[in-house]
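Just below is one structure, and these are the notes that go with it.
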Amino acid sequence: MWEKREKMDDEYAKFVRRMNPPRVVIDNDSCEDATVIQVDSVNKHGILLDVVQVLTDVNLTITKAYISSDGVWFMDVFNVIDRDGKKIRDKDIINCIQMRLESNAGFVPSMRDSVGVMPSEEHTSIELSGTDRPGLLSEVCAVLADLHCNVVNAEIWTHNTRAAAVVHVTDDSTGCAIEDPIRLAAIKDLLCNVLKGNNELKPAKMTLATPGVTNRDRRLHQIMFADRDYERVERAELWRVEDKGSKPHVTALDCSQKDYTVITMRSKDRPKLLFDIICTLTDMQYVVFHGMVNTGRMEAYQEFYIRHVDGLPINSEAERERVVQCLEAAIERRASEGLELQLCTDDRVGLLSDITRIFRENSLCIKRAEISTKNGKAIDTFYVTDVTGSPVDPKIIDSIRRQIGQTILQVKCNPSPAPKPTQGTKMGYLFGNLFKAPSFQSFKLVRSYS
């Protein structure tokens with residue numbers, strides 16, 4: 001009886017969404033330095049992440065955001081710029097945003113409870129997690145090369161002594177996905193041995209996943225979260241003492257007036273920051289009812305009024321501490337730690353193995369990497385430090401560039417020091433008198449719904 005009622009409620013929700021399709025307004029006139037995108041839709045769990053993911057997928061940076069989703073309606077406003085810091089003028093991008101956001105079918109599919117085990121026709125998707133150490137990526141790439149696997153795309157994150165990767169590989173002789181179960185089992189065994197290393201406490205994992213089921217960045221967050229990378233490790237062998245000034249500042253406070261928990265975050269600004277935050281809150285089963293994002297030249301401030309999906313705010317100190325730790329981890333995982341190096345050259349089998357071996361032989365530690373191939377070209381980005389986590393000696397970089405090729409490997413930029421977080425953030429810093437007013441008039445969102 002209960003299952004039947006839930007099914008009826010779900011069908012009714014679908015009917016309401018069909019009768020009230022999302023409405024998107026993209027405005028290039030009202031703001032001097034950004035394109036304003038307003039999204040109005042029937043509310044459902046995960047819709048905020050869907051919208052932010054669409055904007056992130058087309059490489060837009062969100063500089064400001066105003067979020068309201070109390071009741072049955074969802075109404076958000078985003079100020080966005082492109083990679084060059086300009087308004088969105090490309091009609092193809094504007095049409096893409098409009099089409100994906102206004103079509104119910106165009107929203108990104110929600111997370112499934114489990115990932116599949118069948119490769120796609122184009123490539124095999126491998127998900128990895130294990131203990132981080134210098135040279136780990138080089139060892140993984142060497143194993144894949146020895147097993148005649150060509151890496152066509154990959155993203156690798158490291159955080160708090162843990163490492164996670166989503167890697168797309170093909171058979172180097174056919175250029176297609178690897179489907180032989182015996183060969184796949186051999187790949188899994190060898191990679192798990194490499195990932196495990198000498199750590200007996202933390203298990204290494206390798207999973208074959210169905211590409212496209214969940215956004216790759218979201219999967220990396222989920223893998224890291226499942227590996228509990230948010231738990232602080234106090235060990236002598238940690239490679240460097242962290243700069244306290246570069247740490248994000250996250251608070252979780254009670255708002256008893258309206259039964260919310262208020263999350264405030266102050267950190268260095270970077271691309272995809274809002275996506276990482278909303279992704280983590282959504283996967284932890286929290287709902288953002290109101291929120292505001294404001295970014296400056298270097299710093300981002302975010303404030304969200306949340307409840308758990310069961311309708312309750314955070315009600316224990318243990319839960320509060322866990323949410324703060326998880327949000328700090330979400331901000332830190334993609335932080336551009338280290339020197340940014342970009343490789344651009346003709347792709348070939350074993351290229352990534354050779355490049356990462358040279359890095360390892362020169363005592364470089366890869367903190368994060370984005371690997372891609374397009375039209376026969378390899379375009380790879382690496383963020384590197386020395387094995388202690390300190391900046392790399394420029395002489396070592398010059399030596400590596402001579403080995404690989406001065407025009408093939410370019411130094412993109414050094415990370416800028418992060419601004420110091422302001423302590424003692426007050427609840428309602430941006431929202432001001434939000435709950436004293438009867439509406440969101442202060443946001444200039446004057447549309448009403450009946």
Side-chain angles (χ1 to χ4, degrees), residues 2-26 37-58 60 62 65-78 80 96-114 212-215 217-219 221-222 225 258-261 263 274-293 302 304-314 323 330 439-440 443 445 447-450:
W2 182 257
E3 290 181 358
K4 184 177 180 181
R5 179 177 295 177
E6 280 189 332
K7 187 175 180 181
M8 289 176 61
D9 289 344
D10 187 53
E11 290 301 318
Y12 177 73
K14 291 179 181 177
F15 171 75
V16 171
R17 285 197 293 272
R18 283 197 298 269
M19 294 300 293
N20 298 274
R23 190 175 77 97
V24 179
V25 176
I26 299 178
I37 299 177
Q38 180 173 322
V39 183
D40 302 332
S41 172
V42 173
N43 194 19
K44 67 182 179 71
H45 180 55
I47 189 173
L48 176 58
L49 177 59
D50 290 343
V51 173
V52 172
Q53 185 172 313
V54 168
L55 300 179
T56 302
D57 285 346
V58 292
L60 300 183
I62 298 169
Y66 306 91
I67 298 159
S68 174
S69 60
D70 250 341
V72 297
W73 205 261
F74 167 89
M75 180 169 56
D76 281 11
V77 177
F78 301 91
V80 300
C96 175
I97 295 169
Q98 199 101 30
M99 181 180 67
R100 288 190 63 186
L101 292 181
E102 288 189 346
S103 168
N104 283 328
F107 277 122
V108 182
S110 60
M111 181 187 72
R112 296 186 181 180
D113 292 334
S114 61
V213 172
T214 304
N215 171 274
D217 290 354
R218 189 176 184 186
R219 278 302 299 149
H221 278 297
Q222 291 169 352
F225 177 80
K258 292 288 183 177
D259 271 344
Y260 292 117
T261 297
I263 303 293
L274 180 59
F275 170 84
D276 294 337
I277 295 297
I278 300 301
C279 177
T280 299
L281 287 171
T282 303
D283 284 343
M284 291 182 71
Q285 299 297 299
Y286 291 99
V287 179
V288 176
F289 287 87
H290 303 284
M292 182 177 282
V293 176
Q302 301 182 59
F304 300 117
Y305 289 67
I306 69 167
R307 293 182 190 138
H308 196 266
V309 288
D310 60 10
L312 297 176
I314 294 174
V323 169
S439 69
F440 261 120
F443 289 165
L445 303 180
R447 178 175 177 179
S448 60
Y449 303 97
S450 55

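Start at 1 with the first residue, then count along the sequence. Small disclaimer: the values here were computed from a predicted structure and weren't measured. Note that these values count all heavy atoms, side chains included, but never hydrogens, waters or copies made by symmetry.
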Drop me the distance from Ile314's CD1 to Tyr260's OH, to the nearest 0.5 angstrom.
-> 14.5 Å
Are Thr261 and Phe304 close enough that some pair of their side-chain heavy atoms sits under 4.5 Å apart?
-> no
Could you label the plane-to-plane angle of the His290 and Tyr305 rings as parallel, tilted or perpendicular, counting under 30° as parallel and over 60° as perpendicular?
-> perpendicular
Does the side chain of Phe225 reach to within under 4.5 Å of the side chain of Asp283, using non-hydrogen atoms?
-> no
Taking C-beta and beyond as the side chain, do Leu48 and Ser69 meet within less than 4.5 Å on heavy atoms?
-> no
Minimum heavy-atom separation for Ala65 to Phe78, with atom names?
-> CB-CD2, 3.8 Å
Straight-line distance of Asn43 CG to Phe289 CZ, nearest 0.5 Å = 8.0 Å
Flag the pair Cys96 / Val58 as yes when at least one side-chain heavy-atom distance between them is below 4.5 Å, and no otherwise.
-> yes
How many angstroms lie between atom CE of Met284 and atom NE2 of His221, to the nearest 0.5 angstrom?
-> 13.0 Å
Once the angle between the rings of Tyr286 and His308 is folded into 0 to 90°, is it parallel (under 30°), tilted (30 to 60°) or perpendicular (over 60°)?
-> perpendicular
Apply side chain to side chain contact (heavy atoms under 4.5 Å, CB included) to the pair Asn215 and Asp57, showing each step before the final yes or no.
-> CA-CA 10 Å; Asn215 171 274; Asp57 285 346; 3.8 Å; yes
Gap separating the CD atom of Gln53 from the CG atom of Leu274, nearest 0.5 angstrom | 12.0 Å
Side chains of His45 and Thr282 in contact at under 4.5 Å (non-hydrogen atoms) | yes
Donor-acceptor under 3.5 Å (Arg218 side chain, Cys279 main chain) | no
Does some side-chain heavy atom of Gln302 sit less than 4.5 Å from a side-chain heavy atom of Val293?
-> yes
First locate atom CD1 of Ile278, then atom CD1 of Ile47, and finally report the distance between them rounded to the nearest 0.5 Å.
-> 12.5 Å
d(Leu60 CG, Ile97 CD1) to nearest 0.5 Å is 5.0 Å
Would you say Asp76 and Val51 make side-chain contact, with heavy atoms under 4.5 Å?
-> no
Trace of the side chain to side chain contact (heavy atoms under 4.5 Å, CB included) decision for Val77 with Gln38 = CA-CA 4 Å; Val77 177; Gln38 180 173 322; 3.9 Å; yes
